[in-house]
Number of protein chains: 2
Amino acid sequence: MRVTISDVARAAGVSKGAVSYALNGQAGVSEDTRRRILSTAAALGWTPSLRARSLSSSKAYALGLVVARDPRLLGSDPFFPSFIAGIETTLADRGYSLVLTVATKTGSEESSYRRLAHEGRVDGVILSDMRTNDSRIALLLELGLAAVTLNRPETPSPFPAVCMDDTEGISEAVQHLIDLGHTRIAHVGGSQHYIHGLSRRNAWANTLELNGLATDLFVEADFGAVQGVAATADLLGRANPPTAIVYANDIMATAGQAYAQQQGLRIPHDLSVTGYDNTEYAQYLTPALSSIGSDPLRWGSAAAQVLLNQLEGTHDGEDVVLPAPRLITRGSSAAPHGRNTTGSQ
Amino acid sequence: MRVTISDVARAAGVSKGAVSYALNGQAGVSEDTRRRILSTAAALGWTPSLRARSLSSSKAYALGLVVARDPRLLGSDPFFPSFIAGIETTLADRGYSLVLTVATKTGSEESSYRRLAHEGRVDGVILSDMRTNDSRIALLLELGLAAVTLNRPETPSPFPAVCMDDTEGISEAVQHLIDLGHTRIAHVGGSQHYIHGLSRRNAWANTLELNGLATDLFVEADFGAVQGVAATADLLGRANPPTAIVYANDIMATAGQAYAQQQGLRIPHDLSVTGYDNTEYAQYLTPALSSIGSDPLRWGSAAAQVLLNQLEGTHDGEDVVLPAPRLITRGSSAAPHGRNTTGSQ
DNA sequence: AGCCTTAACTAAACCGGTTCAGTTGCCGAT
DNA sequence: ATCGGCAACTGAACCGGTTTAGTTAAGGCT
């Protein structure tokens with residue numbers, strides 16, 4: 001049998017209530033008694049029962065994450081594993097756990113949130129992959145679930161946000177290519193339903209416009225390798241193809257780069273390429289992929305912290321802004337038409 | 001306020017206990033009363049409180065999955081997202097949830113299991129990535145946690161296993177290459193600490209020996225792209241290099257194939273290649289990658305089912321054997337030295 | 001001395017289920 | 001007619017905490 005609070009009370013010669021006060025740091029016991037209770041609790045090896053505590057305090061001591069993606073696409077995305085690992089570093093320290101749901105079919109996303117809320121599985125959820133006009137915000141308000149969002153949605157949201165600006169890195173990449181002498185710089189974007197698909201495109205377009213360059217070389221893809229190749233084929237097949245492509249993530253950049261090479265193009269001699277995410281394999285590609293190094297581990301850890309603080313009422317209401325990821329220049333980007341310095345291969 | 005069992009009892013004019021019996025299908029109420037109770041419960045919109053039920057029945061109504069991998073490696077593995085999605089299809093139907101833990105640092109794997117057990121977060125865990133002499137089996141016995149293993153470990157295990165034989169697909173791939181005329185067939189294996197790393201190597205070696213061929217062309221890697229490239233470089237740099245390489249997964253095959261192409265080899269003309277997992281992008285590579293199509297979705301669903309049955313005492317004790325994945329032949333494998341029929345490119 | 005306040009604590013209710021120990025009434029067996 | 005046995009149900013204990021209401025004793029103030 002496990003040691004209960006009553007065992008501690010009996011051993012310390014006090015009532016259950018006093019033990020509860022002592023253990024939770026509340027007023028109602030003298031310092032002497034508190035110390036005595038704490039030491040007997042430690043001596044008996046008492047640990048609180050999560051279930052009992054959940055019932056009486058109406059809390060789950062768990063956070064939820066609903067991942068709504070085609071699992072096949074999800075499989076190639078390096079974001080979530082690191083992100084989840086980051087969440088866990090925070091949660092484990094604070095005695096919380098993560099309840100993960102993968103919503104594959106349409107409509108199962110909403111029902112996942114409903115179920116988590118209705119069963120009281122979690123005290124709050126982390127919203128990732130924010131979309132334009134994201135219906136989840138109203139849903140969570142209806143359900144009364146706490147939440148934190150990754151980046152601030154463009155529609156009003158009462159939830160705190162943990163932000164990692166992705167426009168700066170994209171702008172940096174575009175400017176880097178312009179500085180190298182490129183004038184026809186394309187963008188293979190992610191789905192524009194996602195705010196990070198949209199914001200990356202906008203950053204690309206804005207930087208080009210600031211430099212007086214055209215913004216016609218855009219193709220929307222879905223962050224997956226297959227559509228990355230298709231978008232690349234589209235761009236390279238145009239009458240006046242780009243000399244550089246800024247991809248919205250490494251997967252599409254990798255696939256696009258491989259496609260271009262198979263078409264006989266030399267990289268970066270004939271085509272410069274940049275990615276986003278700084279995936280582990282990016283530096284091992286030939287040529288190594290210039291990329292923007294986001295930090296999902298830190299993002300996850302920060303998001304969990306903000307949400308826990310929010311639940312405990314210690315969050316100050318301000319959005320947390322993490323350092324913007326920076327461009328890491330590697331061999332895949334150089335001056336156009338052989339004016340590069342690194343050599344092609 | 002939510003509707004409780006007492007509300008239902010009052011409305012139906014019976015005691016709390018009777019309602020509990022009726023709702024759980026237990027003896028102790030007449031059929032008439034049961035129907036009346038059920039209909040009033042439905043009318044009031046009653047749903048059980050997970051927390052109250054957890055406390056009184058000492059169950060968590062949740063399963064655990066501890067993923068112990070370098071998160072960077074994990075990011076490129078398409079297995080887990082689909083696998084988790086499969087688990088969920090079963091769990092959601094039965095009112096269970098999944099508690100996910102990512103163990104990154106050494107030692108955190110064991111403490112993760114300890115925490116899940118000690119806090120009573122889960123009723124059982126799914127053991128994936130089985131290792132030779134897997135210490136988790138003894139650990140879980142000590143903790144008194146139920147479990148199911150993916151494939152049967154070579155050491156005695158009291159837990160049911162859900163098996164998906166991976167030797168058959170590898171043997172098929174090797175035989176396929178032999179039938180095409182290859183005699184120097186290499187294997188880039190995954191970590192040999194994993195039983196699926198070991199079994200794939202054994203299948204490769206056995207099939208070669210059955211055909212009287214040498215088994216010296218083996219390099220161990222870690223299932224990651226980077227080591228896949230290194231292993232490929234090792235093999236291709238040997239005095240008598242292989243004409244075909246059987247990789248233990250698609251990631252290494254993809255990276256290896258790209259490396260070989262960058263070295264000027266034509267695939268499949270100069271080198272045939274096969275993968276494992278049948279990743280979504282495999283069919284879009286140039287050439288499309290011959291691979292072995294495992295089914296993580298189904299595996300996850302089956303594993304969860306077996307574990308839930310085990311918890312409910314309705315599991316028959318037999319291991320569940322799922323259909324062995326088969327080889328899907330694509331453009332990356334052909335007869336050696338230009339005697340291929342599909343053409344190179 | 002008498003009254004009021006407050007700190008320190010106890011007893012009991014409560015969260016919402018499950019389950020055990022009785023109680024009642026009906027039936028068949030003797 | 002009487003007893004035993006069982007089905008059908010009730011009341012209360014129980015899971016292990018939190019929280020509220022109430023008790024006691026000490027100290028401050030007039």
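Labels below follow one simple rule: chain letters A, B, ... track the order of the sequence lines, proteins then strands, and each chain is numbered from 1.
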| Which residues pass the side chain to side chain contact (heavy atoms under 4.5 Å, CB included) test with Arg131(A), sequence neighbours left out? | Glu109(A), Asp134(A), Ser135(A), Arg136(A), Tyr194(A)
| task | Please state whether the rings of Phe79(A) and Phe83(A) are parallel, tilted or perpendicular, taking 30° and 60° as the class boundaries. | result | parallel
Grab the N/O contacts between the protein and nucleotides 25-27 of chain C below 3.5 Å, and write none if there aren't any.
none

| said: Among residues at least two apart in sequence or on other chains, which ones pass side chain to side chain contact (heavy atoms under 4.5 Å, CB included) with Asn151(B)? | reply: Cys163(B), Ile195(B), Trp299(B)
| task | Working to the nearest 0.5 Å, report the span between OG1 of Thr47(B) and NE2 of His118(A). | result | 3.0 Å
| request: Not counting sequence neighbours, which residues clear ring-ring contact (aromatic ring centres under 6.0 Å, His included) with Tyr61(A)? List them please. | output: Tyr96(A)
| Any Lys/Arg nitrogen of Arg2(B) or Asp7(B) sitting under 4.0 Å from an Asp/Glu carboxylate oxygen of the other? | no
| field | 5′-ward residue of the pair Ser6(A)/Ser15(B) relative to DNA chain D | value | Ser15(B)
| Spacing between Gln26(B) atom CD and dT18(C) atom C1', to the nearest angstrom | 8 Å
| Leu98(B) vs Thr101(A) side-chain heavy atoms within contact, under 4.5 Å | no
| message | So, using side-chain hydrogen bond (donor to acceptor under 3.5 Å, both in side chains) as the criterion, who are the partners of Glu318(A) when residues are at least two apart? | response | none
| task | Under 4.0 Å from any atom of DNA chain D, heavy atoms only: list the residues of residues 112-122 of chain B that qualify, in numerical order. | result | none
| To 10°, what angle do the rotation axes through the five end pairs on each side of the helix from dA1(C)-dT30(D) to dT30(C)-dA1(D) form? | 60°
| field | Nearest heavy atoms of Ala304(B) and Leu91(B), plus distance in Å | value | CB-CD2, 4.1 Å
| Nearest to side-chain heavy atoms of Ser30(A), which nucleotide of dA13(C), dA8(C), dT10(C) | dA8(C)
| request: Find out whether Val99(A) and Leu63(A) are in side-chain contact, i.e. whether some heavy atom of one side chain is under 4.5 Å from a heavy atom of the other. | output: no
| First encountered from the 5' end of DNA chain D, between Val29(B) and Thr4(A) | Val29(B)
| message | Quick one about Ser108(B) and Ser111(B) (side-chain donor to acceptor, distance below 3.5 Å, no hydrogens or angles considered), yes or no? | response | no
| remark: Within residues 32-62 of chain B, those residues having any heavy atom closer than 4.0 Å to DNA chain D are Thr33(B), Leu55(B), Ser56(B)
| query | By side chain to side chain contact (heavy atoms under 4.5 Å, CB included), which residues pair with Ser15(A), not counting sequence neighbours? | reply | Ala18(A)
| Leading and trailing nucleotides of DNA chain D with any atom under 4.0 Å from heavy atoms of chain A | dG16(D) to dT20(D)
| said: Heavy atoms only, 4.0 Å cut-off, all strands: where does Val14(B) land among base, sugar-phosphate and nothing? | reply: sugar-phosphate
| request: Consider only side-chain N and O atoms of Arg121(B) and Ser97(A), and report whether a donor and an acceptor are under 3.5 Å apart. | output: yes
| In chain order, what residues pass the ring-ring contact (aromatic ring centres under 6.0 Å, His included) check against Tyr113(B), with sequence neighbours excluded? | none
| N/O (side chain, Ser20(B)) to phosphate O (OP1/OP2, dT18(C)) under 4.0 Å | yes
| remark: Sorted by chain and number, sequence neighbours left out, side-chain hydrogen bond (donor to acceptor under 3.5 Å, both in side chains) with Asp319(B) holds for Arg152(B)
| Within the structure shown, what part of the strands sits under 4.0 Å from Glu31(A) by heavy-atom distance: base, sugar-phosphate, or nothing? | nothing
| request: Using a strict cut-off of less than 4.0 Å between a Lys/Arg side-chain nitrogen and an Asp/Glu carboxylate oxygen, indicate whether Arg94(A) and Glu312(A) qualify as a salt bridge. | output: yes
| request: Could you tell me the separation between the OH atom of Tyr21(A) and the C1' atom of dT10(C), rounded to a whole number of Å? | output: 10 Å
